[in-house]
Peer 1: 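Mind having a look at this structure? Questions to follow.
Because the structure is a prediction, the values reported are computed rather than measured.
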Amino acid sequence: MEGGKPSLALVYQAVQALYHDPNPAGKERASVWLGELQRSMYAWEISDQLLQLKQDVESCYFAAQTMKVKIQTSFYELPPETHNALRDSLLTHIQNLKDLSPIIVTQLALAIADLALQMASWKGCVHTLIEKYNNDISSMPFLIEILTVLPEEVHSRSLRIGANRRTEIIEDLAFYSSTVVTLLTTCVEKTGNDEKMFIKVFRCLGSWFNLGVLDSNFMASNQLLIVLFQVLQRDETPTNLHEAASDCVCSALYAIENVDTNMALALHLFQGVLTLETAYHMAVAREDLDKVLNYCRIFTELCETFLETTVRSPGQGMGDLRTLELLLICAGHPQYEVVEISFNFWYRLGEHLYKINDAALHSIFRPYIQRLLHCLARHCQLDPDHEGIPEDTDDFGEFRMRVSDLVKDVIFLVGSMECFSQLYSTLKEGNPPWEVTEAVLFIMASIAKSVDPENNPTLSEVLQQVVLLPENVHMAVRYTSIELVGEMSDVVDRNPRFLDPVLNYLMKGLREKPLASAAAKAIHNICSVCRDHMAQHFQGLLDIARSLDSFALSTEAAVGLLKGTALVLARLPLEKIAECLSDLCAVQVLALKKLLAEESTNGKSADPTVWLDRLAVIFRHTNPIVENGQTHPCQKVIQEIWPVLSETLNTHQADNRIVERCCRCLRFAVRCVGKGSASLLQPLVTQMVSVYQVYPHSCFLYLGSILVDEYGMEEGCRQGLLDMLQALCMPTFQLLEQPNGLRNHPDTVDDLFRLATRFVQRSPVTLLSSSIIVHIIQCAIAATSLDHRDANCSVMKFVRDLVHTGVANDHEEDFEVRKQLIGQAMEQHGQQLITQLMHSCCFCLPQYTLPDVAEVLWEIMLFNRPTFCRWLENALKGLPKETSGGAVTVTHKQLTDFHKQVTR
């Protein structure tokens with residue numbers, strides 16, 4: 001902090017402002033200032049003093065939280081000789097503040113746990129803490145809090161303690177785990193029926209189960225498990241305690257996932273959970289939804305844990321199918337939130353049975369799935385007094401979407417056709433109320449695509465009946481019937497005689513506001529599947545497209561309709577395509593021209609994105625088959641439209657969102673006609689470069705990569721594209737060289753390296769011989785540490801592909817030149833690259849990025865093995881061997897083993 005250490009009075013003032021200043025700007029200033037204080041060296045001493053003074057809850061909470069953050073992120077600031085004093089002062093603070101506020105106790109407990117994990121000299125911390133406090137009943141709550149958060153922090157992302165230290169800690173905790181359980185048991189016996197203490201004990205026990213260090217034989221015969229199930233069986237158990245006990249049982253079930261190695265405990269838990277069925281019914285009778293949800297969580301976790309046993313030996317021992325009965329009892333509960341808890345289990349069961357593919361096994365589980373489907377269809381029913389169409393976006397709408405996904409995943413066990421026919425017969429034979437009809441149609445729509453459409457009289461009959469539905473049925477039934485028709489487009493494709501009645505039915509829907517978007521989506525589906533049959537209806541589609549805004553369509557539905565129209569357009573005879581495409585684009589082009597004209601007359605800027613997105617979808621999906629030598633039918637249209645797009649881009653050049661949509665539209669236009677867009681290349685690149693100098697929108701880099709992909713192989717275009725790359729790189733490097741530039745502009749990093757990668761793929765020698773390559777490689781090395789999924793992936797792909805051009809002998813005449821150029825680049829940057837990659841893997845990157853790094857190392861090793869081995873050795877020697885807490889991060893043997901494994 002500037003101006004030295006602040007006074008305690010000033011810190012108090014800032015904390016008061018943070019919590020009590022009525023002015024939001026004052027709160028914000030206090031927050032920024034306190035954040036700076038937390039990052040400074042003074043934070044250690046100041047938070048210690050605030051905790052000693054114990055003036056009020058707010059200042060103590062700020063100090064406790066600061067201590068925790070400092071220990072997590074800046075422990076290295078403290079010299080090792082201060083570690084013991086810090087530990088002792090934290091233990092004094094937690095003892096003195098134990099009655100002030102539970103959230104302060106939690107923050108201090110986290111600080112103590114994080115200190116213990118990093119302070120290698122504090123041996124057997126669990127033992128010392130229990131020795132120190134277990135005889136004082138008033139210290140129990142904070143002792144148990146520390147013992148709860150300690151196992152939780154072992155795998156914390158904010159503590160980078162290293163695998164060696166983590167293994168050492170886990171072994172240490174496993175060694176003392178039975179002492180902890182014994183302490184918890186004694187605690188329960190001593191405190192009688194103290195609800196708060198029970199909650200703390202169960203939370204702590206769950207935390208140790210989650211870490212996976214409890215001895216399962218010791219636990220199987222432990223008194224605590226008996227207490228746990230007694231609490232869950234008792235009708236009068238309070239809600240919070242019930243939840244804590246449920247969480248603990250779920251953690252225990254999760255911990256014995258490998259049932260065979262935990263037999264005694266598995267059996268104990270299995271039998272214990274089966275005794276809870278009566279308690280579940282009691283909670284249902286009392287309409288206690290919280291408890292019902294807890295029991296359902298426990299039953300689901302039981303089924304998840306014993307899934308493999310159940311599939312391996314259904315009905316025998318712990319493969320007892322009563323577990324599935326429990327889930328189906330829950331599925332019968334009137335609230336849909338209850339059944340939803342079990343979805344993941346049913347999905348996994350389906351996946352298991354699908355892989356095994358054993359008819360006898362399928363027949364055992366089929367009745368359970370049939371009953372589940374029956375319950376799901378009932379849960380999908382709308383309220384009888386519901387008006388209008390079903391809502392997609394509320395909680396119930398999302399539940400129905402999840403039902404639809406689950407049904408698709410498990411339907412193979414029942415048979416799509418059999419289920420479809422059964423559902424249809426309930427409609428045909430009975431006369432159910434509208435809400436039942438709608439739910440049945442909804443489930444039919446979920447499985448329609450998986451029913452074989454070949455010579456299928458039932459499907460044909462369903463289609464015929466649906467399009468004859470009268471207009472006076474409930475709006476929701478019509479809505480879902482339209483969705484069903486859209487899902488049956490394969491049937492229409494096999495039976496073209498249905499095309500006219502189906503289109504007439506959908507056109508009726510399109511003209512009614514509530515149904516318009518669903519009808520548009522169904523027409524889009526039919527266009528996608530029945531492209532050839534729809535060619536004769538192209539004029540009708542064109543008429544709809546011309547008056548698109550006269551229908552009440554969502555943006556997405558309108559774009560979908562245009563997509564369907566473009567897909568059909570591509571199947572017309574070549575000589576007709578240009579004229580029809582021009583017609584299809586005319587509405588959007590006129591709208592853009594009108595916006596530009598309005599802008600020049602009244603200076604008001606209107607948003608053109610709707611029209612740009614519509615043009616983009618037309619270009620994207622108009623992909624006719626063009627023989628070699630033929631002019632692309634879309635070429636002329638795109639040339640005519642270019643001036644309007646260019647002017648729109650110029651007008652809105654400062655607005656990233658609109659520029660992005662312009663670039664997207666141009667990208668699909670270029671992709672649509674490929675080499676046929678050559679006449680646009682010069683003006684487009686000139687405009688991109690000039691706007692980018694002022695407004696560096698990353699989408700220009702992406703558009704550049706598309707141009708390199710299309711034209712990079714053309715000898716006459718290579719120099720122009722390289723000039724474009726160099727011109728775009730200058731502002732890009734300026735942007736990324738700012739403080740935190742890489743972290744603040746991941747999209748720019750992503751798109752820059754897409755562009756560079758395209759160059760490597762299409763014209764490697766052009767790029768490698770240029771002066772810009774050195775700067776691009778330097779930028780890539782700096783960006784390898786960027787923890788951003790897309791950006792990191794692009795950087796790694798660039799480096800991998802770059803080195804690969806010198807490895808892959810594709811018998812092109814430029815291979816030797818490429819190899820030589822890569823050799824020079826590696827000589828210059830290789831050691832720095834490997835060192836940075838090793839550092840990034842250890843300290844910056846999440847696990848999922850490591851396979852990409854491995855591919856880069858592999859290519860470098862293929863290129864020059866001996867030099868790579870030397871570089872890797874140097875990089876490994878430079879890694880820190882010890883943490884600030886005195887723990888060994890890596891031994892010499894581990895480094896040499898790693899080197900051997902990589903280079904072998």
Peer 1: Any donor-acceptor pair under 3.5 Å linking the side-chain atoms of Thr748 with those of Ser698?
Peer 2: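 Checked: Ser698/Thr748 side chains show no N/O donor-acceptor pair below 3.5 Å.
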Peer 1: Between Asp490 and Lys449, is there a salt bridge with N-O shorter than 4.0 Å?
Peer 2: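 No, Lys449 and Asp490 are not salt-bridged.
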Peer 1: Using modelled atom types and a 3.5 Å cut-off, is there a donor and acceptor pairing between side-chain atoms of His697 and backbone atoms of Cys699?
Peer 2: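 Between the backbone of Cys699 and the side chain of His697 there is no qualifying donor-acceptor contact (under 3.5 Å).
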Peer 1: Taking 4.0 angstrom as the limit, do Asp709 and Arg762 come out as a salt bridge?
Peer 2: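 Arg762 and Asp709: salt-bridged.
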Peer 1: Could I get the full list of ring pair (Phe, Tyr, Trp, His ring centres under 6.0 Å) partners for His745, not counting sequence neighbours?
Peer 2: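 Listed in chain order: nothing, the list is empty.
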Peer 1: Can Arg657 and Asp607 be counted as an ion pair, charged N to O under 4.0 angstrom?
Peer 2: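 Answer for the salt bridge query: yes.
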Peer 1: Given Leu725, which partner from the list Val708, Leu701, Ile776 fulfils the side chain to side chain contact (heavy atoms under 4.5 Å, CB included) test?
Peer 2: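 Running side chain to side chain contact (heavy atoms under 4.5 Å, CB included) over Val708, Leu701, Ile776 with Leu725 returns exactly one hit, Ile776.
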Peer 1: According to ring pair (Phe, Tyr, Trp, His ring centres under 6.0 Å), who are the partners of Phe619, at least two apart in sequence or on a separate chain?
Peer 2: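 Counting only residues at least two positions away or on another chain, Phe619 forms no ring pair (Phe, Tyr, Trp, His ring centres under 6.0 Å).
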Peer 1: Would you call Lys797 and Glu859 a salt bridge, using N to O less than 4.0 angstrom?
Peer 2: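 So Lys797 does not pair with Glu859 through a salt bridge.
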Peer 1: Report, as yes or no, whether the 6.0 Å neighbourhood of atom CZ on Arg546 holds more than 12 heavy atoms from other residues, nucleotides or ligands.
Peer 2: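 Correct, the count exceeds 12.
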Peer 1: Going from CZ on Arg614 to OG1 on Thr565, what distance comes out if it is rounded to the nearest 0.5 angstrom?
Peer 2: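 Atom-to-atom, Arg614:CZ and Thr565:OG1 are 11.5 Å apart.
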Peer 1: Any non-hydrogen side-chain atom of Ser763 less than 4.5 Å from a side-chain atom of Leu721?
Peer 2: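 No, side chains not in contact.
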Peer 1: Do Leu423 and Ile447 come close enough that some side-chain heavy atom pair is under 4.5 Å?
Peer 2: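 In contact.
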Peer 1: Any side-chain heavy-atom pair from Leu703 and Leu684 closer than 4.5 angstrom?
Peer 2: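 Leu703 vs Leu684: side chains touch.
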Peer 1: Given Leu645, which of Pro608, Cys662, Cys665 fulfils the side chain to side chain contact (heavy atoms under 4.5 Å, CB included) condition?
Peer 2: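 Among Pro608, Cys662, Cys665, the one that satisfies the side chain to side chain contact (heavy atoms under 4.5 Å, CB included) with Leu645 is Cys665.
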Peer 1: Contact between Leu728 and Phe733 at the side-chain level, heavy atoms closer than 4.5 Å - yes or no?
Peer 2: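 The answer is no; the side chains never approach within 4.5 Å.
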Peer 1: To the nearest 0.5 Å, how far apart are CG in Leu569 and CZ in Phe538?
Peer 2: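 Here the rounded value is 4.5 Å.
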Peer 1: The criterion is ring pair (Phe, Tyr, Trp, His ring centres under 6.0 Å); which residues satisfy it with Tyr354, sequence neighbours excluded?
Peer 2: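 Tyr354: ring pair (Phe, Tyr, Trp, His ring centres under 6.0 Å) contacts with Phe412.
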Peer 1: Taking the side chain as C-beta and beyond, is there a heavy-atom pair between Gln630 and Leu574 under 4.5 Å?
Peer 2: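 A side-chain contact exists here, since the closest heavy-atom pair is under 4.5 Å.
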Peer 1: I'd like to know if the side chain of Asn525 pairs up with that of Ser489 as donor and acceptor (distance under 3.5 Å, no hydrogens or angles considered).
Peer 2: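 The criterion, which ignores hydrogens and geometry beyond distance, is not satisfied for Ser489 and Asn525.
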Peer 1: List in chain and number order the residues that pass salt bridge (Lys or Arg N to Asp or Glu O under 4.0 Å) with Glu640, two or more places apart in sequence or in another chain; answer none if no residue qualifies.
Peer 2: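 Once residues adjacent in sequence are excluded, the partners of Glu640 under the salt bridge (Lys or Arg N to Asp or Glu O under 4.0 Å) criterion are Lys636.
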Peer 1: State, without any angle test, whether Gln639 and Ser679 hold a side-chain donor-acceptor pair at a distance under 3.5 Å.
Peer 2: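 Yes, a side-chain donor-acceptor pair sits under 3.5 Å.
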Peer 1: Near Gln536 CD, under 6.0 Å, is it more than 12 heavy atoms from other residues, nucleotides or ligands?
Peer 2: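 Yes, CD of Gln536 has more than 12 neighbouring heavy atoms, counting only those of other groups under 6.0 Å.
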Peer 1: Which atoms form the tightest heavy-atom contact between Val659 and Phe700, and what is the distance?
Peer 2: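 Heavy atoms only, the tightest pair is CG1-CZ, 3.5 Å.
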Peer 1: So, do Ser646 and Trp642 sit near enough that their side-chain heavy atoms are less than 4.5 Å apart?
Peer 2: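 Answer yes - side chains close enough.
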Peer 1: How would you list, by chain and number, every residue that makes a side-chain contact (heavy atoms from CB on, under 4.5 Å) with Ala519, sequence neighbours excluded?
Peer 2: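 Per chain and number, Ala519 pairs via side-chain contact (heavy atoms from CB on, under 4.5 Å) with Ile482, Leu510.
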Peer 1: Passes side-chain hydrogen bond (donor to acceptor under 3.5 Å, both in side chains), Asp750 versus His788? Steps please.
Peer 2: CA-CA 9 Å; Asp750 182 14; His788 182 281; over 6 Å; no
Peer 1: Give, for atom CG of Leu681 and atom CD of Glu710, the distance between the pair rounded to the nearest 0.5 Å.
Peer 2: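 Those atoms lie 10.5 Å apart.
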Peer 1: Under a 4.0 Å N-O cut-off, is there an ion pair linking Arg402 with Asp405?
Peer 2: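 No, Arg402 and Asp405 are not salt-bridged.
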Peer 1: Taking side-chain contact (heavy atoms from CB on, under 4.5 Å) as the test, write out the residues that go with Ala557, two or more places apart.
Peer 2: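 side-chain contact (heavy atoms from CB on, under 4.5 Å) list for Ala557, sorted by chain: Ser517, Ala520, Leu553, Ser554.
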Peer 1: Considering all heavy atoms of both residues, which atom of Thr757 and which atom of Ser794 are nearest to each other, and what is their separation?
Peer 2: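 Between these two residues, the closest heavy atoms are OG1-O, 4.2 Å.
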Peer 1: Could you tell me if the side chain of Glu461 sits less than 4.5 Å from the side chain of Tyr424, heavy atoms only?
Peer 2: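 Heavy-atom side-chain distance check passes, below 4.5 Å.
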Peer 1: Go through Ser677 and Gln635 one step at a time and tell me if the side-chain hydrogen bond (donor to acceptor under 3.5 Å, both in side chains) criterion holds.
Peer 2: CA-CA 7 Å; Ser677 60; Gln635 191 174 320; over 6 Å; no
Peer 1: Do Pro501 and Gln464 have side chains that approach each other closer than 4.5 Å (heavy atoms only, starting at C-beta)?
Peer 2: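 In short, these two side chains do not touch, never coming nearer than 4.5 Å.
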Peer 1: Answer yes or no for Arg754 and Tyr702: cation-pi contact, defined as NZ/CZ to six-membered ring centre under 6.0 Å and angle to ring axis within 45°.
Peer 2: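 Pair Arg754/Tyr702 does not count as cation-pi.
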Peer 1: Quick check: closest heavy atoms across Arg478 and Pro470, and the distance to 0.1 Å?
Peer 2: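 That would be CD-O, 4.3 Å.
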Peer 1: Do the charged groups of Arg718 and Glu715 touch, with an N to O distance under 4.0 Å?
Peer 2: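 Between Glu715 and Arg718 there is a salt bridge, with a charged N closer than 4.0 Å to a carboxylate O.
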